[in-house]
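For reference, the structure is listed below as structure tokens.
Numbers here are sequence positions counted from 1. Just so you know, ligand 1 is whichever comes first in the structure, and atom 1 is the first atom listed for that ligand. Predicted model, so just to flag it, every value in this text is computed and none were measured.
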Amino acid sequence: MNLKNITQPFIKYFPGDFSGNPMQRQTPKVVFAAAEIAHFEKPELLFFNEKLSEEIGLGKIENSEDLAFLNASAVPDTLTTYATAYAGHQFGNWAGQLGDGRAIFAGQIQNAAGKKTELQWKGAGATPYSRHADGRAVLRSSVREYLMSEAMHYLGIPTTRSLSLSLSGEQVMRDMMYDGNPEYEKGAVMMRTAESFLRFGHYELLSAQNEFETLKKLTDFTIENYFPEITSTGAAKYAEFFQAVADRTANLMAEWYRVGFVHGVMNTDNMSVLGLTIDYGPFSFLDEYSLNFTPNTTDLPGRRYAFGKQAKIAQWNLWQLANALFPLIKDEKTLENILNSFTDNFWQKHDRMMASKFGFDSVLRKDGEFFTLAQQMLEELKIDYTLFFTKLESWTGNHDADSHFSDIFYETPSEENKAGFKTFLQTYRERLEKNSVSAEASAALMRKTNPKFILRNYLLFEAIAELNEGNKDLFEKLLTALQNPYDEIYPEFSKKRPAIYNGQSGCSTLSCSS
Ligand code: AMP
Ligand code: MG
């Protein structure tokens, strides 16, 4: 690997704490602190994403130095590894300084085309931002993030990526369900990549500390590197930046709704300014369609981060970012307008996306009534979100609906529900007759919008159990399936969640423990 090509522009450019003091503490006035990796003694590389490594310009594993790098057991002397400081609103409340508690940056790599990618370890040890925690990650949560971020990438959804996954060789104590029953689990470390890991919380921290010079510097750096299309100057430049973040966020939300993804912890520290899906924790795809579904047990009391609330929460989070950027923009009206336009912007993207799922043209796209009807039916009849659309795609209307759609219900439908479902299909057919798009084009649109494979939590649960026993088969099979989500590679994965997993912790309900 081209480890010598890793650069560290971030720490050259911004004020940082180079003391190397690992003590957990507040670090006012700086954007990062030097943080050493754990130097694991007996790590074991499990998976390496060679394709991604080649793409970003890092290349193949060639020697023990490369392996040690991925495993967080050694880094080239030229690198000062570091953790960044950010703040955030967690579950609606200001949480003050948070920071990379178990993410440590190696730096940035550039490929031949000039594309820059940041590299970081997750689970490679404590940092000044670990806040009484150990900076470690367990195999369970690392497998979930490794596979899910790749699944999102191949679905075509903006996301961080997974470069490698290793056993750290340590045992890590976790109270998985927060019920007073801690147990040892296998420790793991992954390397992940992104164009940038900058979060809303980075700007919030500097603003809250009145570090306006550094806030301006960070925003300028962000615009210059990641939003080169912004060419205005002065306050207009920062307003355009905020608008661009709002647009990317609206796009991300529409994309999550397309595939039925629930993030689970949409705190502002888990919101990427690049509009990437970031920090995979207690996430889930929907099995049965439900706007009120939250996979996160910590979120159950208020269901703040439930599936149907995600766009609203994204807007709330943008509002916090607007407050943080206010000192640079100093124009409430402009910020308010951008925030208000988020709603329309999102719904436009949403309706366009929904129309594609049904194979509709641009006139039918405006048929909000139909989409609401569809959503109500999916919810009331406890229908599998993904299977519904794949079955709809292959339904010609000629064969018997009862048998064609029989395997998509989580509860046996009553006669009344069956009749309601058929009425809905009839309404759908009537809409299709008005569709100006040809039948072939409509089917093609549906095929590329509706995934046939989603990485359901129960599949992850099974893969983790097998991997804990040293068996990689299911993990690898899932990796193949998720790389081709619009095809049906393994028919056994295109089934609804088996009943034995209903209510199973780690499948239907997850904690933040990781
Ligand atoms: P999350 O809910 O995973 O986004 O984490 C919120 C904050 O807690 C972030 O600052 C994390 O870095 C930190 N954190 C979570 N788990 C750990 C851990 N095991 N060790 C250190 N910091 C952690
Ligand atoms: Mg986080």
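Side-chain polar atoms of S162 and E145 form no donor-acceptor pair below 3.5 angstrom.
Because the distance cut-off is set at 2.8 Å, N270 qualifies as a neighbour of the Mg ion (ligand 2) through one of its N, O or S atoms. Among the backbone and side-chain atoms of D269, none of the N, O or S atoms lies under 2.8 Å from the Mg ion (ligand 2).
The part of R131 lying near ligand 1 is the side chain, judged by heavy-atom distances below 4.0 Å. Contacts between Y129 and ligand 1, counted as non-hydrogen atom pairs separated by less than 4.0 Å, are absent for every part of the residue.
Counting protein heavy atoms only, atom 16 (N) of ligand 1 is closest to R102 NE, 3.3 Å.
In terms of N/O distances under 3.5 Å, ligand 1 is approached by N270. Note: an N/O pair closer than 3.5 Å links G101 and ligand 1 by distance alone. Taking only nitrogen or oxygen atoms, main chain and side chain alike, D134 reaches within less than 3.5 Å of ligand 1. The shortest N or O to N or O distance between G99 and ligand 1 is below 3.5 Å.
Close approach of ligand 1 to S130 is summarised as follows: ligand atoms under 4.0 Å from at least one heavy atom of the residue are 21 (C), 22 (N). Those atoms of ligand 1 that come under 4.0 Å of a heavy atom in A133, given as number and element, are 18 (C), 20 (N), 21 (C), 22 (N). The contact set between ligand 1 and Y86, taken as ligand atoms under 4.0 Å from a residue heavy atom, comprises 9 (C), 10 (O). If you number the atoms of ligand 1 from 1 as listed, the ones under 4.0 Å from a heavy atom of Q90 come out as 6 (C). When each atom of ligand 1 is checked for a heavy atom of R136 under 4.0 Å away, the hits are 19 (N). With ligand atoms numbered from 1 in the order given, ligand 1 contributes 4 (O) to contacts under 4.0 Å with heavy atoms of D279.
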Determine, stepwise, if the pair H263 / T277 fulfils side-chain hydrogen bond (donor to acceptor under 3.5 Å, both in side chains).
-> CA-CA 8 Å; H263 182 283; T277 315; over 6 Å; no
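Other residues, nucleotides and ligands place more than 12 heavy atoms under 6.0 Å from the OH atom of Y178. Residue-environment remark: CD (E36) stays at or below the threshold of 12 foreign heavy atoms within 6.0 Å. Within 6.0 Å of CD in E41 there are 12 or fewer heavy atoms belonging to other residues, nucleotides or ligands.
Note: H89 and W316 have perpendicular aromatic rings, judged against thresholds of 30 and 60 degrees for the angle between ring planes. Using the six-membered ring where Trp is involved, F346 and F342 have ring planes that are parallel, under 30° apart on the 30 and 60° scheme. Ring planes of F10 and Y82: parallel class, angle under 30° (limits at 30 and 60°).
For the pair R102 and W121, the cation-pi criterion (under 6.0 Å, within 45° of the ring axis) is not fulfilled. A cation-pi arrangement is present between K472 and F47, with the terminal nitrogen or guanidinium carbon under 6.0 Å from the aromatic centre and inside a 45° cone about the axis.
Note on K496 versus D287: no salt bridge recorded, every NZ/NE/NH1/NH2 to OD/OE distance being 4.0 Å or above. Under a 4.0 Å N-O distance rule, the pair K349/D344 does not qualify as a salt bridge.
Protein heavy atoms are absent from the space less than 4.0 angstrom from atom 5 (O) of ligand 1.
When the Mg ion (ligand 2) is compared with the N/O/S atoms of D279, atom OD2 turns out nearest.
Within the structure, ligand 1 has G135 among the residues with a heavy atom less than 4.0 angstrom away. Using a 4.0 Å cutoff on heavy atoms, R174 counts as a contact of ligand 1.
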